[in-house]
There are 2 protein chains.
Amino acid sequence: MRDRSIFAGLNTEELRSLGMEVQDIACHQGDVLYRKGDSARHAYTLRTGAVKLVKSLENGREVIIRLLHRGDLLGFEGMQDAQHRHAAIVLAPSQLCRLDLAELQRLSERLPKVQEAIRQRWQQALQSSEDHIMELGAKRAEARLATFLLQWAEHYPRLRSLPFPLSRPDLAAFLGLSTEHVSRIMADFKRHAFIQEQRGHLEILAPQSLAELAGKWPDHKPD
Amino acid sequence: MRDRSIFAGLNTEELRSLGMEVQDIACHQGDVLYRKGDSARHAYTLRTGAVKLVKSLENGREVIIRLLHRGDLLGFEGMQDAQHRHAAIVLAPSQLCRLDLAELQRLSERLPKVQEAIRQRWQQALQSSEDHIMELGAKRAEARLATFLLQWAEHYPRLRSLPFPLSRPDLAAFLGLSTEHVSRIMADFKRHAFIQEQRGHLEILAPQSLAELAGKWPDHKPD
DNA sequence: AAGGCGCATTGAGAAAAATCAATTTTGACT
DNA sequence: AGTCAAAATTGATTTTTCTCAATGCGCCTT
């Protein structure tokens, strides 16, 4: 575990030997890694668990911009901005590595490999953000939720029962819906036996049916 | 004009002298720079004009993922993916510089400055995508449109009458709304004398009022 | 100047989603 | 096991948005 590569193909030891300060951190549900506006001192790699990136609107409404899974990076916006752009909140028991941003900065100037790795992750983030925009802009609630559940499942391959630490408000904040609407649709999915839920775990019983919903639009033009 | 820096602080001549193939391109409304799935051979910098990045869903619905203005880069996803992720379509008469991706790749390995510049632009793209997610996820149609118009205006500082080459369907595809709904809201804005429109040009008469709409949520709780 | 075409607008009705207000379920703690 | 608080569900209603269909307008061509 300790010797697995955590960033840019380097493991903890190698990073440390390059002068990087790396700290293992264990977090649990609700922990705040940083808040929007905090001065950005650290970046993180998520080794296990799940984290949400949250932004809030002036009127208090919260939106989950991105959900992070094993292997994802966060806090790297600190490489440009002096402050974090969103809050990072831990959803499930997680293990992270904390990297000093200033040192990472220096390291990336010396090692093109690191620079390259960062750019690649950024690219992935952009990719996933663009997909999210598609979902929000073009699909209805039912389809968004179906897509989301299937995507969530992809992060836990060959696992019948998936860890599912998201509350209804979390789902709503990610999918741009009201809590109640999410709740209704989830209830529907259960009634149709597409999914099953219990104590923070989710089982997808009919991926096929969800996939159909996910791809379909308002009206059912079968041409 | 020709000697202005176009990328990573380098101007056309400097890039050429570094072995980069740079081509000036003039486009007009409707031109397709590349389509989704095209093998990615070039990246572009947009010198003047406007370009839309479009993705389409299986069911044919189109979404505008991002709108590009003077100074923006596009096509850089080709540095990771072999193919373009979306279509790039010119909205208004535009001038672009076309860069060879393979050479750019090589250049970026040699010059950290270039690598750094690319990462920075990526970061900006991510930033704007995340803002867009906020808009789509948390605001209603009226507010989205108001925000959008104000943002558009920011790209043309100290200009009373803004170039506005977007059709109603374009606006709808960007804001995740139906064409008709956009049309209604625009008509409303005109009736309230918030804006004025004519032949592809837009004038914002009451930025203050738009700003209020932009920040407000469904119900009007004045506390 | 007349005709026609594409785009924008408007209207009416239906569908989707939000809101408000209970009620039920769940899970934690004693 | 029993109580309590938080979270989820459900129901009723309103608001928002979409859809479908018709109409209007501007611009280009002839």
Side-chain angles (χ1 to χ4, degrees), chain A residues 28-30 57 59-63 91-93 135-146 148-149 164-192 195-202 213-214 216-221, chain B residues 28-30 57 59-63 91-92 135-146 148-149 164-192 195-202 213 216-221:
Chain A
H28 54 280
Q29 145 101 274
L57 225 51
N59 36 73
R61 190 178 165 97
E62 291 201 336
V63 176
L91 285 169
E135 292 293 314
L136 295 178
K139 286 187 185 171
R140 345 183 322 193
E142 210 181 35
R144 275 183 233 170
L145 192 42
F148 174 75
L149 295 177
F164 195 72
L166 298 165
S167 67
R168 294 294 184 264
D170 281 339
L171 282 171
F174 186 71
L175 299 173
L177 302 169
S178 70
T179 305
E180 294 92 333
H181 201 186
V182 168
S183 183
R184 274 184 248 273
I185 297 172
M186 288 292 278
D188 261 5
F189 284 177
K190 284 182 205 165
R191 268 190 284 278
H192 289 75
I195 64 171
Q196 192 176 321
E197 220 186 356
Q198 62 204 305
R199 339 175 104 260
H201 281 256
L202 177 80
L213 283 181
K216 213 172 264 176
W217 232 92
D219 51 77
H220 305 207
K221 279 177 198 158
Chain B
H28 53 279
Q29 143 102 275
L57 224 51
N59 37 72
R61 190 178 165 98
E62 291 200 336
V63 176
L91 286 170
E135 293 293 313
L136 295 178
K139 286 187 185 171
R140 342 188 322 200
E142 210 181 35
R144 275 183 233 170
L145 192 42
F148 174 75
L149 295 177
F164 195 72
L166 298 164
S167 67
R168 294 294 184 263
D170 281 338
L171 282 171
F174 187 70
L175 299 173
L177 302 169
S178 70
T179 305
E180 294 92 334
H181 201 186
V182 168
S183 183
R184 274 183 249 274
I185 297 172
M186 288 293 278
D188 262 4
F189 285 177
K190 284 183 206 166
R191 269 190 283 278
H192 288 75
I195 62 171
Q196 192 175 321
E197 220 186 355
Q198 62 205 304
R199 342 173 104 259
H201 281 255
L202 177 80
L213 283 181
K216 214 173 261 174
W217 232 86
D219 51 74
H220 305 209
K221 279 178 198 158

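The chains referred to below are lettered A, B, ... by the order of the sequence lines, with proteins before strands, and numbering in each begins at 1. Small disclaimer: the values here were computed from a predicted structure and weren't measured.
For A/Pro169, whose side chain is taken as the heavy atoms from C-beta onward, the closest listed nucleotide among C/dA18, D/dC18, D/dA8 is D/dA8. Nearest nucleotide to the side chain of A/Leu177, out of C/dG11, C/dA17, D/dT17: C/dA17. Comparing D/dC20, D/dC18, C/dT19 by their closest approach to the side chain of B/His181 singles out D/dC18.
Remark: C1' of C/dC7 and CG of B/Leu171 are 13 Å apart, rounded to the nearest angstrom. When the P atom of C/dA12 is taken as reference, atom CD of B/Glu180 falls 15 Å away, rounded to whole Å. The separation between A/Ile195 atom CD1 and D/dA8 atom C1' is 13 Å, rounded to whole Å. Remark: P of C/dA17 and CG of A/Leu175 are 11 Å apart, rounded to the nearest angstrom. Atom CZ in A/Phe164 sits roughly 17 Å away from atom C1' in C/dT26 (whole-Å rounding). In this structure, CZ of B/Arg168 is placed 15 Å from P of D/dC18, rounded to the nearest angstrom. In this structure, the CG atom of A/Leu136 is 14 Å from the C1' atom of C/dA17, given to the nearest Å. One interatomic measurement links the two molecules: NZ of B/Lys139 to C1' of D/dT17, which rounds to 18 Å at whole-angstrom precision.
Remark: A/Leu136 CG to B/Leu175 CG distance equals 13.0 Å, nearest 0.5 Å.
For the pair A/Leu166/A/Phe148, a side-chain contact is recorded, criterion being any heavy-atom separation below 4.5 Å from C-beta on. By the 4.5 Å heavy-atom criterion applied to side chains, A/Ile185 and A/Arg140 are not counted as neighbours. A 4.5 Å side-chain heavy-atom check between A/Leu171 and A/Phe164 finds at least one atom pair inside the cut-off. Using a 4.5 Å heavy-atom cutoff, the side chains of A/Asp188 and A/Arg184 are not in contact.
With the nearest nucleotide of DNA chain C identified for both A/Arg199 and A/Thr179, A/Thr179 has the one nearer the 5' end.
Donor-acceptor pairing under 3.5 Å, judged by distance alone, is absent between the side chain of B/Arg144 and the base of D/dT16.
Distances shorter than 4.0 Å separate none of the side-chain N or O atoms of B/Arg184 from OP1 or OP2 on C/dT10. For C/dA16, the OP1/OP2 oxygens have a side-chain nitrogen or oxygen of A/Arg140 closer than 4.0 Å.
Nucleic acid contact class of A/Gly200 (heavy atoms, under 4.0 Å, all strands): none.
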